[in-house]
Amino acid sequence: MAAFAKELGKLVDALEYSEQALELLREHKVKDARLVMALQVHGNILLETGKYEAAEKQLREVVDLLRLEYGPRHLRVGYALSALGDVLQSRNKLDAAEAVQQEALEICRESLGVPHVEVASCLNSLAIISEGKGRYEESERRYRESLAADPGVDVKHVITRANLAMTLMRLKKYDEAEKEYDSALKGLPKYLPPNHPTTAMIMQNKGRLLEVTGRLAEAEELLLTVIAMRKHSLPKVHPHQAVVRSMLGMIQHARNRSEEGERTLAEAAQIVRASFQQPHFFQAITIANHALVLRALSRPAEAKPLLEEAAAIYEKTDGRTYAWAEVRTSLAVSYTHLRAHETSL
């Protein structure tokens, strides 16, 4: 029943059904494949609804159960580790994610050899982590290894090409990146229905490329299409709904429509606050963007508490990284602007 509701996109119902199933299995002290399956389903739904901390806890339990049942190097353990690595990456725990995903890769290679789609999937995940850690050349290499490990063209192969495009953007290989995005978007309709979240995500990422290369009107048009698509595929309160609005708001600001951009960013900030049960680095990014536009509109009193909020979130998630420093610098500027504004009154 949980899987059926999830397929229909009724994630709230699916979460409730999967919680009921887990409660019953725990009540009867079941610790076999039935509990593993229920935990995996529940963990996946938690992940889709933005409850990353709870999803991590569930998937760690799955790994422990499978190790106990089958041994540490069983293929099922490898699959579960790969899923756990993806959750850790989503929570920006990149060191832990890389270690887990590397173990998953080794197990899958031992059991399946190369080429194989699961080996390619692990390499794809490791490439995403490398990108997140700023090791872009390594990320490009891992993506290309992933494509070579799965020479058959399927939906995962197409998505890996889109991921490669993101790394090529980081390396400023914009022409290559655009070709990979266009190839992916051309191939996806063969495998996915209209308005699918994956298609929307790749379109959103291409929108970032268009923005970076100065084609702001094209970028805005594409992001508006993404927002329209997500009305059919995601609940309003979802991290991806916040991401696209944050991007759109900054583009509207860059196109000298700062009042409109501020309204879009205010909506994005409202969504992102409600989308995560625990502090998440993207909350800080969105809230800081909103504050920067408010400051540009000469509204420093409104910007100041938002920058303080963003700095506090960064400190809880990333620690005192460059992003934290950037927000602190913006906060210092806002204090200066606010002081000047008060003095002029």
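Hydrogens, waters and symmetry mates are skipped; everything else that's a heavy atom, side chains included, is used.
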Donor-acceptor list for residues 202-209 side chains, cut-off 3.5 Å, not counting sequence neighbours:
unit_1, atom_1, unit_2, atom_2, d
Gln204, OE1, Arg230, NH1, 2.7
Gln204, OE1, Arg230, NH2, 3.2
Asn205, ND2, Met201, O, 3.4
Lys206, NZ, Asp182, OD1, 2.8
Arg208, NH1, Glu211, OE1, 3.4

For [X], which residues count as a salt bridge (charged side-chain N to carboxylate O under 4.0 Å, His left out) partner, sequence neighbours excluded?
| X | answer |
| --- | --- |
| Glu302 | Arg299 |
| Glu118 | Lys156 |
| Arg109 | none |
| Glu221 | none |

Rounded at 0.5 Å granularity, tell me how far [atom1] in [X] sits from [atom2] in [Y].
| X | Y | atom1 | atom2 | result |
| --- | --- | --- | --- | --- |
| Thr286 | Phe281 | OG1 | CZ | 10.0 Å |
| His238 | Ser233 | NE2 | OG | 9.0 Å |
| Ile128 | Tyr143 | CD1 | OH | 4.0 Å |
| Leu123 | Ser146 | CG | OG | 5.5 Å |
| Cys108 | Arg73 | SG | CZ | 10.0 Å |

Would you mind checking if [Y] and [X] are paired as a salt bridge, meaning a charged N to carboxylate O distance below 4.0 Å?
| X | Y | answer |
| --- | --- | --- |
| Glu56 | Lys93 | yes |
| Arg67 | Glu61 | no |
| Glu140 | Arg144 | yes |

_Nearest heavy atoms of Gln241 and Pro235, plus distance in Å_ =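 Minimum heavy-atom contact is NE2-O, 3.1 Å.
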
Just so I know, are the side chains of [X] and [Y] near enough to count as touching, which here means a heavy-atom distance under 4.5 Å?
| X | Y | answer |
| --- | --- | --- |
| Phe276 | Glu53 | no |
| Pro239 | Val272 | no |
| Ser275 | Phe282 | no |
| Pro115 | Asp150 | no |
| Cys122 | Gln101 | yes |
| Lys173 | Tyr136 | no |

*With sequence neighbours left out, what residues match His74 under ring-ring contact (aromatic ring centres under 6.0 Å, His included)?*
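His74 satisfies ring-ring contact (aromatic ring centres under 6.0 Å, His included) with Tyr70 only.
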
_Which residues pass the ring-ring contact (aromatic ring centres under 6.0 Å, His included) test with His157, not counting sequence neighbours?_
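Counting only residues at least two positions away or on another chain, His157 forms no ring-ring contact (aromatic ring centres under 6.0 Å, His included).
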
*Residues two or more places apart in sequence or in another chain: which of them pass side chain to side chain donor-acceptor pair (under 3.5 Å) with Arg215?*
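In terms of side chain to side chain donor-acceptor pair (under 3.5 Å), with neighbours along the sequence ignored, Arg215 is linked to Glu178, Thr213.
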
*Does Glu145 have any side chain to side chain donor-acceptor pair (under 3.5 Å) partners at least two apart in sequence or in another chain, and if so, which?*
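By the side chain to side chain donor-acceptor pair (under 3.5 Å) rule, Glu145 matches Arg141.
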
*Do Leu265 and Leu297 sit in the same hydrophobic cluster, where Ile, Leu, Val, Met, Phe, Trp and Tyr count as joined when their side-chain heavy atoms come under 4.5 Å apart?*
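As far as the 4.5 Å side-chain criterion goes, Leu297 and Leu265 are connected within one cluster.
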
*When hydrophobic residues are tied together by side-chain contacts of less than 4.5 Å, even through go-betweens, does Ile227 share a cluster with Met247?*
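Yes, Ile227 connects to Met247 through the hydrophobic network.
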
Sorted by first residue and then second, give each salt bridge (Lys or Arg N to Asp or Glu O under 4.0 Å) pair with at least one member in [range]; sequence neighbours left out.
| range | value |
| --- | --- |
| residues 275-290 | none |
| residues 123-137 | Asp95-Lys133, Glu98-Lys133, Glu98-Arg135, Glu131-Arg170, Arg135-Glu138 |
| residues 242-257 | Glu220-Arg255, Glu220-Arg257, Arg245-Glu267, Arg257-Glu260 |

*With distance as the sole test, does Ser246 use its side chain to make a donor-acceptor pair with the main-chain N or O of Ala242 at under 3.5 Å?*
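No: the side chain of Ser246 does not pair with the backbone of Ala242.
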
